[in-house]
Amino acid sequence: MSRPPVNPPGRAMTRRLGGLSLLAGTLLLGGCAGAIRLENDVRSYADWSAGPAGEATRPVPGDRYRFERRPSQLQAPAAQQEAIEAIARDALARVGLRAAPEPLPAGAALPRWTVELGARSVRLPYAPWDEPARPSFGVSVGIGHVFPHGSVGFGMPLFPHLTTPYYQREVSLVLRDARSARVVYETQASHDGPWADNPTLWAALLDAALQGFPQAPAGPRRVVIEVPR
């Protein structure tokens, strides 16, 4: 009987081990104390210079704002946009801005700012560096029956290829002066990992996006935030 070919360890083995490690890390999230370390890629830009109407004063604690929705957001399920706005409302409160009541009471002053909020989440079947699930390499075990003119049987690999879902999240926030509609601040943040969507992760992403407001360092930077497991 000929011996089955043995594949030397290489890149495929590394990727499979990476998938197993990722799965193990995901399983540990629910049972270990500590924190999840979120490495957020952030880009922020501010323009508080005086506009044509001289409206360039920076926000001060207690300033009010209202959310504006793009046409595509008005067509999307309202519950989704309301959920991310509720999380953003808390994040904005932590940097001193307060949401104006809706509808605005009669005689109340108009909010000083408007906020346009965007959020996107992509669920991948496996991490970008992993491979799609497929029959594994190496030795298989199984059962079968030998007939006079051949044999039939079935088996399964000893080392099945395991993958776990991988998530990419991104938020964007644009602040406008309500009197002139001029954009005075914009920020974007993204992170990825094996953690499914939940409000805690979105809150951390928004906190990263607003870190340093109203005068965050311009351009790209890395903001690390730890959240409870």
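Note that the structure is predicted; figures quoted are calculated from it, not measured.
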With rounding to the nearest 0.5 Å, note down the distance linking [atom1] in [X] to [atom2] in [Y].
{"X": "R89", "Y": "E85", "atom1": "CZ", "atom2": "CD", "result": "6.5 Å"}
{"X": "E39", "Y": "E226", "atom1": "CD", "atom2": "CD", "result": "10.0 Å"}
{"X": "T200", "Y": "L205", "atom1": "OG1", "atom2": "CG", "result": "12.5 Å"}
{"X": "E170", "Y": "H191", "atom1": "CD", "atom2": "NE2", "result": "11.0 Å"}
{"X": "R66", "Y": "R176", "atom1": "CZ", "atom2": "CZ", "result": "10.5 Å"}

Check for me, please, whether [X] and [Y] land in the same ILVMFWY cluster - side-chain distances under 4.5 Å, paths through other members count.
{"X": "I84", "Y": "L92", "result": "yes"}
{"X": "W129", "Y": "V122", "result": "yes"}
{"X": "W48", "Y": "V115", "result": "yes"}

E116 and L173: side-chain contact (heavy atoms from CB on, under 4.5 Å), yes or no, with the steps?
CA-CA 6 Å; E116 183 180 301; L173 187 147; over 6 Å; no
Decide side-chain hydrogen bond (donor to acceptor under 3.5 Å, both in side chains) for W113 and D177; before the verdict, give the C-alpha distance in whole Å, the side-chain angles of both, and the deciding distance to 0.1 Å.
CA-CA 5 Å; W113 313 99; D177 186 288; over 6 Å; no
Do the non-hydrogen side-chain atoms of [X] and [Y] ever get within less than 4.5 Å of each other?
{"X": "V95", "Y": "P59", "value": "no"}
{"X": "L38", "Y": "W195", "value": "yes"}
{"X": "L97", "Y": "R64", "value": "no"}
{"X": "P128", "Y": "Y166", "value": "yes"}
{"X": "Q168", "Y": "R123", "value": "no"}
{"X": "L117", "Y": "L206", "value": "yes"}

Under 3.5 Å, side chain of [X] to main-chain N/O of [Y], donor-acceptor pair present?
{"X": "Q211", "Y": "A208", "answer": "no"}
{"X": "R69", "Y": "L74", "answer": "no"}
{"X": "T187", "Y": "A209", "answer": "yes"}
{"X": "D130", "Y": "A127", "answer": "no"}

In sequence, state the C-alpha distance, the side-chain angles, and the governing distance for V184 and D47, and then conclude on side-chain contact (heavy atoms from CB on, under 4.5 Å).
CA-CA 5 Å; V184 290; D47 180 10; 5.5 Å; no
Nearest heavy-atom pair of [X] and [Y]: which atoms, and what distance?
{"X": "L104", "Y": "P111", "value": "CD2-CD, 4.2 Å"}
{"X": "I87", "Y": "P199", "value": "CD1-CA, 3.9 Å"}
{"X": "S121", "Y": "R169", "value": "OG-CG, 3.8 Å"}

Test item: side-chain donor near acceptor, [X] and [Y], under 3.5 Å:
{"X": "R120", "Y": "S190", "value": "no"}
{"X": "S44", "Y": "R221", "value": "yes"}
{"X": "Q215", "Y": "R58", "value": "yes"}

Option from I36, L201, N40 for which side chain to side chain contact (heavy atoms under 4.5 Å, CB included) with I225 holds
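Going through the options one by one, the only one that passes is N40.
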Could you walk me through whether D197 and Y167 pass side-chain hydrogen bond (donor to acceptor under 3.5 Å, both in side chains), step by step?
CA-CA 8 Å; D197 287 350; Y167 299 84; over 6 Å; no
List the steps, then state whether salt bridge (Lys or Arg N to Asp or Glu O under 4.0 Å) holds for E186 with R43.
CA-CA 8 Å; E186 62 176 310; R43 295 173 183 267; over 6 Å; no
What pairs of residues pass the ring pair (Phe, Tyr, Trp, His ring centres under 6.0 Å) test when at least one of them lies in residues 59-95, not counting sequence neighbours?
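Counting only pairs at least two positions apart or across chains, the ring pair (Phe, Tyr, Trp, His ring centres under 6.0 Å) contacts touching residues 59-95 are Y65-F67.
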Which pairs pass ring pair (Phe, Tyr, Trp, His ring centres under 6.0 Å) with one or both residues in residues 205-229, sequence neighbours excluded?
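Passing the test, one end in residues 205-229: Y185-F213.
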Do the side chains of R94 and D207 get close enough for a salt bridge, i.e. N-O under 4.0 angstrom?
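Looking at D207 together with R94, the answer is yes, because their closest N to O distance falls below 4.0 Å.
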Whether over 12 other heavy atoms sit under 6.0 Å from R37 CZ:
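Counting other residues, nucleotides and ligands, CZ of R37 stays at 12 neighbours or fewer.
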